[in-house]
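In what follows, chains carry the letters A, B, and so on, assigned in the order in which the sequence lines appear, proteins first and then strands, with residues in each chain numbered from 1. Just the heavy atoms: all of them, side chains too, but no hydrogens, waters or symmetry mates, feed the values below. The structure displayed is predicted, hence computed values, not measured ones.
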Protein chains: 2
Amino acid sequence: MDTGDAFDPNCPTRLVLDRIGDKWSVLVLLSLADGPMRFTELRRRVGGVTPKVLTQTLRAMEYDGLLTRKVFAEVPPRVEYTLTELGRSLHEPVSAVTQWAEQNVGRIMGSREAIDHAQ
Amino acid sequence: MDTGDAFDPNCPTRLVLDRIGDKWSVLVLLSLADGPMRFTELRRRVGGVTPKVLTQTLRAMEYDGLLTRKVFAEVPPRVEYTLTELGRSLHEPVSAVTQWAEQNVGRIMGSREAIDHAQ
DNA sequence: CTGTATCCGGTCTGATACTG
DNA sequence: CAGTATCAGACCGGATACAG
């Protein structure tokens with residue numbers, strides 16, 4: 001059992017959290033876990049994300065080595081996003097959290113009443 | 001294997017991510033996993049968090065049922081934060097992610113060069 | 001010790017429109 | 001289809017000072 005090691009600004013936990021802790025990355029990761037996907041399909045799957053923000057998220061994840069972007073020189077243009085080995089390996093721990101979410105969503109919601117999350 | 005179910009605004013994944021996906025909640029959860037803790041110790045453990053923000057985080061997590069806040073009627077005042085059963089159960093999947101982080105931090109950093117995460 | 005009040009700025013996120 | 005440009009707002013998170 002690791003004790004709390006996790007709290008100087010450089011610790012791995014922090015670094016990773018800063019990358020996948022944004023609003024859309026995890027959702028993208030989850031979608032892509034089903035296989036390679038094109039921009040528009042990804043957009044539909046994630047739901048509610050604008051093209052700009054989806055592009056930002058995708059670029060960041062690409063630079064982080066979580067996915068690759070393959071452009072096909074075709075008409076009409078086609079771009080496919082694929083999880084890297086690293087991305088796939090991250091999918092497992094992340095899906096552990098989402099599975100927890102599905103089981104406990106009732107509980108976590110029940111106790112909220114008249115407060116915004118953090119403000 | 002669950003396919004992507006996760007993408008209407010009401011899906012469990014989204015709801016939970018909106019709660020623990022902020023900057024400090026996970027760090028607090030990890031700290032508290034070692035046992036009950038007082039405000040100041042928590043603050044030291046988490047590192048770099050201001051009292052205001054820590055209070056916000058703590059309150060939100062309390063309302064979400066992840067931890068309890070016990071006030072001791074003493075002088076000087078003492079307040080202890082303890083993970084609930086729910087909070088402890090969340091610790092497992094979350095620590096799966098942080099363990100992944102520790103193993104792969106080198107990889108995820110290596111590919112970043114000249115881009116901010118998402119802007 | 002354990003917070004709260006106020007002020008404040010940066011960042012994330014989004015709507016909309018437009019391009020190759 | 002797959003983005004980019006621009007504009008703008010909301011919110012998160014922080015500094016500082018103060019209170020019970």
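Within the 4.0 Å cut-off from OP1 or OP2 of dT4(C), at least one side-chain nitrogen or oxygen of Thr55(B) is found. For the OP1/OP2 pair of dT4(C) and a distance below 4.0 Å, the side-chain nitrogens and oxygens of Arg59(B) include at least one atom meeting the criterion. Applying the 4.0 Å criterion to OP1 and OP2 of dG3(C), one finds that Tyr81(B) has a side-chain N or O inside that range. One finds a side-chain N or O of Thr40(A) lying less than 4.0 angstrom from the OP1 or OP2 phosphate oxygen of dA2(D).
Comparing Trp24(A) and Pro77(A) against DNA chain C, the residue whose closest nucleotide sits nearer the 5' end is Trp24(A).
With distances taken from any side-chain atom of Val79(A) to the nucleotides dT2(C), dT13(C), dA2(D), the minimum falls on dA2(D). Comparing dC7(C), dT4(D), dT13(C) by their nearest atom to the side chain of Lys23(A) picks out dT13(C). Each of dC1(D), dT13(C), dT4(D) was ranked by its minimum atom distance to the side chain of Arg38(A); first place goes to dC1(D). Among the nucleotides dT13(C), dG14(D), dT4(C), the one closest to the side chain of Pro51(B) is dT4(C). When distances are taken from the side chain of Val53(B) to each of dA2(D), dG14(D), dG3(C), the shortest belongs to dG14(D). Set against dG14(D), dG14(C), dG20(D), the side chain of Lys52(B) has dG14(D) as its closest nucleotide. When each of dA2(D), dT13(C), dG13(D) is scored by its nearest atom to the side-chain atoms of Arg69(A), the top-ranked nucleotide is dA2(D).
In this structure, the side chain of Asp64(A) does not engage the main chain of Leu66(A) through any donor-acceptor pair within 3.5 Å.
The pair Arg88(B)-Glu85(B) meets the salt-bridge criterion, with a side-chain N (NZ, NE, NH1 or NH2) lying under 4.0 Å from an Asp/Glu carboxylate O.
Residues forming a side chain to side chain donor-acceptor pair (under 3.5 Å) with Ser89(B) (at least two apart in sequence, or on another chain): Trp100(A).
Using a 4.5 Å cut-off on side-chain heavy atoms (C-beta onward), Leu27(A) and Leu17(B) make contact.
Phe72(A) comes within 4.0 angstrom of no nucleic acid atom, judged by non-hydrogen atoms across all strands.
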